[in-house]
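Inspection log for the structure reproduced underneath, given as structure tokens.
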Amino acid sequence: MSSGDSFYITTPIFYPSDVPHIGHGYTEVAADVLARWHRQAGDDTWLLTGTDEHGQKMLRTAAAGGMTPGEWADRLVAESWIPLLETLDIANDDFIRTTQPRHETGVQAFVSKLHDDGFIYTGEYEGYYCVGCEEYKQQSELVEGTGPFEGQQVCAIHSKPVELLQERNYFFRMSDFQEKLLALYEERPDFVQPESARNEVVSFVKQGLADLSISRSSFDWGIPIPWDGDHILYVWFDALLNYATAVGYGKDEEQFERRWPGIQLVGKDILRFHAVIWPAMLMAAGLEVPKHVFAHGWLLVGGEKMSKSKLTGIAPEQITDVFGSDAFRYYFMRAITFGQDGSFSWEDLSARYQAELANGFGNLASRVTAMVTRYVGGVVPAPGEYTEADLKIQATVARATADADAAMERFAIHEAIGAVWTIVEELNGYITEQEPWVIAKDETRRERLATVLYTAAEGLRSLAVLLSPVIPKATAKLWTALGAEAGLGALAVQPLRDAGGWGQLPVGSQVTKLEALFPRIEQEVETPAAAPAGA
RNA sequence: GGGGCGGUAGCUCAGCUGGUUAGAGCAGUGGACUCAUAAUCCAUCGGUCACGGGUUCAAGUCCCGUCCGCCCUACCA
């Protein structure tokens, strides 16, 4: 909690041949909101994202498009993934690509160390190989054969028998870490979050860990094994290390010391890699494991996991084009309990936009700035003596700030926003009850008018600060309209944990007209057709 | 097969170690008000807490069973 602490948070790195959908956006926004919160609170914050560009699938899709995998990745990164971050207003501090030299050298240093320390050995990988697919198949990818192949296991794609093949590979002694991992989960119950994710991981590890095959020799799009040029590193081993190489592992000791360890935010589908393999790798290398591995849930559309094949995949632009990036950010952070699966629907998005952003917060900002402009010439007036109603607002602001910060510490982003929203609700009620438009007609009550307007404006000031990590664009406009920058400086540097202190907006600040922060969207929002075909 | 999570008002969800008449938001209905993005505020309607047993003075909240949904059961990323 103390100011200046390192807060290093990562998202999973994108596999660029996917098409960006709102699930990717959801992860990015969550990490960004947490990072912005901590950054503005004065913590030494670093937000990392990037792309995972190795692996057989990249090689194949690139070849299919007549390109080298490197060219293919360059194009996808430039055309899809960097734009995604812009679309969603993500303020990442770094973007790592696993094809960058800084990553490859760091990875090789890491693997060499494990090799030197005896955590890697040569073994035989045995698996079912499908000639048609040209790759090994997992048991789950095999089905019972029919017809001539009755009684045999066949490839689910080609319906032909698979061969049992062996291949010389390098293995990581992951099984050595079973007990250490269990001890870690035990000693640090918040290492894997949320609780449901932790349970799955614990029961999985208790079933026993096998060593992990970490090299491939059947294709060459990957990082070479330093001591054996015929093998490349298994792509997950490579990919996970981005969290370390991006902050200087094996290269910039000072930066690494400053950032490490971090927080890995992931989707629950890749939890195991992050909660089992990853900490085992770090333990082997003598590095600290992450502070937390937090698995968020899936977005459900129509009660099912969103998927392209079912035409439920939604491109982020479909939402931001209509509602804007702030609304995207707000909606997913507010409507979904962070860590659980959450339902997405256009109806819900539209309803919340209207009720909460437009009618709630946007209209509050609008009515307050309008009254200050109309009744006191746009100059924030000095408050007189506070009454019980005014003090109640002050208490609400203080409590909301404390509650929100506590919630953010627990990754309960939805709760944090809920806590801040109590200010919106209280303030709207306060204004309606105080009736400044009635007071304004009575010349003998100028001081009371000033007090009410100051309370409302100062309340808005706190909202601008507290909501800026979530809806940075709208709060920036509000900050300008409040004329706060002249006396307080830029919104982005307002210390978040002090946002609950009363009386920060300087008397005399020049309030100006405010355009609608979240204009009503009159059009009937219909479910658009499936996402546009990807690259 | 084994394991996990969930099934609470029309919708989305809260309900911690069991304890007064089960809550919120939205939607619906009625009223107040006019500063504001026809916004806001107040009131109100609405639930056999999946089902069946059990423990208990007391169960949505613990135990057993059943049904339904989703997920995990290791090297595509």
Side-chain angles (χ1 to χ4, degrees), chain A residues 12-18 51-58 60 125 127 133 135-141 169 171-172 174 194-216 234-239 268-273 276-277 297-298 300 303-305 334-337 340-345 347-348 351-352 354-375 414-415 418 421 425 427-440 452-453 456 514-522:
Chain A
I13 47 179
F14 306 115
Y15 197 64
S17 72
D18 287 342
T51 45
D52 174 14
E53 306 182 4
H54 289 132
Q56 197 162 19
K57 200 188 285 181
M58 278 297 288
R60 284 184 181 162
Y125 177 80
C133 298
E135 66 188 10
Y136 285 97
K137 292 291 174 183
Q138 296 310 302
Q139 200 67 44
S140 59
E141 297 174 290
N169 268 346
F171 282 75
F172 167 54
M174 195 160 71
E195 186 77 27
S196 54
R198 175 177 179 271
N199 290 342
E200 290 222 349
V201 168
V202 169
S203 64
F204 170 76
V205 174
K206 278 185 175 164
Q207 288 169 33
L209 292 178
D211 289 341
L212 184 71
S213 161
I214 60 161
S215 73
R216 300 289 184 273
Y234 167 49
V235 68
W236 260 109
F237 220 74
D238 161 1
K268 67 180 186 181
D269 50 330
I270 53 173
L271 174 63
R272 179 157 315 139
F273 296 96
V276 180
I277 298 176
W298 284 331
L300 307 178
E304 291 184 33
K305 183 189 175 191
R334 174 69 196 264
I336 296 171
T337 299
Q340 294 183 12
D341 291 351
S343 305
F344 166 83
S345 72
E347 292 73 17
D348 190 40
R352 282 183 182 271
Q354 197 69 264
E356 297 170 18
L357 291 175
N359 299 349
F361 176 62
N363 181 57
L364 172 65
S366 182
R367 65 196 301 214
V368 171
T369 52
M371 284 191 285
V372 172
T373 304
R374 191 201 284 205
Y375 298 146
H414 57 291
E415 279 185 36
W421 223 255
E425 286 157 1
L427 217 45
N428 263 325
Y430 169 84
I431 291 166
T432 302
E433 284 164 19
Q434 298 304 316
E435 301 180 305
W437 49 91
V438 172
I439 303 175
V452 171
L453 292 181
L514 179 65
E515 60 178 304
L517 295 178
F518 297 98
R520 289 180 63 85
I521 292 168
E522 300 294 351

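Just so it is clear: chains get the letters A, B, ... in the order the sequence lines come, proteins before strands, and each one is counted from 1.
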* For nucleotides G65(B) and G23(B), find the distance between their P atoms and express it as a whole number of Å. => 32 Å
* Just how far, in rounded Å, is P of C26(B) from CH2 of Trp421(A)? -> 12 Å
* Take atom P in G19(B) and the same atom in A58(B), then report the distance between them in whole Å. => 14 Å
* Asked: Expressed in whole Å, how much space separates the P atoms belonging to G7(B) and G46(B)?
  -> 24 Å
* Asked: So what does Leu209(A) hit on the nucleic acid, given a heavy-atom distance under 4.0 Å: a base, only sugar-phosphate, or nothing?
  -> base
* Asked: Are any of Arg272(A)'s side-chain N or O atoms less than 4.0 Å away from OP1 or OP2 of U73(B)?
  -> yes
* G60(B) versus A14(B) - spacing of their C1' atoms, nearest Å -> 12 Å
* To do: Summarise protein proximity over nucleotides 7-18 of chain B in one line of letters, 5' to 3': B for base, S for sugar-phosphate only, - for none, counting protein heavy atoms closer than 4.0 Å.
  => -----SSS----
* Going 5' to 3' along nucleotides 33-42 of chain B, which nucleotides have protein heavy atoms under 4.0 Å from the base (write B), which only from the sugar-phosphate (write S), and which from neither (write -)? -> SSBBB-SSS-
* Please work out if Gly208(A) contacts a base, only the sugar-phosphate, or nothing of the nucleic acid, heavy-atom cut-off 4.0 Å. => base
* **Span that lies between the P atom of C75(B) and that of C49(B), in whole angstrom** => 43 Å
* Asked: With Leu453(A), which residues qualify under side-chain contact (heavy atoms from CB on, under 4.5 Å), at least two apart?
  -> Met371(A), Val372(A), Tyr375(A), Val376(A), Pro381(A), Pro436(A), Leu449(A)
* Is the Trp236(A) ring parallel, tilted or perpendicular to the Phe273(A) ring (thresholds 30°, 60°)? -> parallel
* Where along residues 196-205 of chain A does a heavy atom come under 4.0 Å from RNA chain B, residue by residue in number order? -> Asn199(A), Glu200(A), Ser203(A), Phe204(A)
* Structure fact -> Listing for RNA chain B: consecutive Watson-Crick or G-U pair runs of at least 3, distance cutoff 3.5 Å, ranges ordered by first number, gives B:1-7 with B:67-73, B:10-13 with B:23-26, B:28-32 with B:40-44, B:50-54 with B:62-66
* To do: Considering only atom C1', compute the distance from C16(B) to C11(B) and round it to an integer number of Å.
  => 26 Å
* To do: Write down the distance separating the P atoms in U44(B) and C62(B), rounded off to the nearest Å.
  => 32 Å
* Are Arg352(A) and Leu357(A) side-chain neighbours, meaning at least one heavy-atom pair lies under 4.5 Å? -> no
* Could you please spell out the steps behind the side-chain contact (heavy atoms from CB on, under 4.5 Å) verdict for Met174(A) and Ile214(A)? => CA-CA 11 Å; Met174(A) 195 160 71; Ile214(A) 60 161; over 6 Å; no
* In whole Å, what separates the C1' atom of G28(B) from that of G4(B)? -> 38 Å
* To do: Apply side-chain contact (heavy atoms from CB on, under 4.5 Å) to Phe204(A) and list each qualifying residue two or more places apart in sequence or on a separate chain.
  => Leu209(A), Arg272(A), Val276(A)
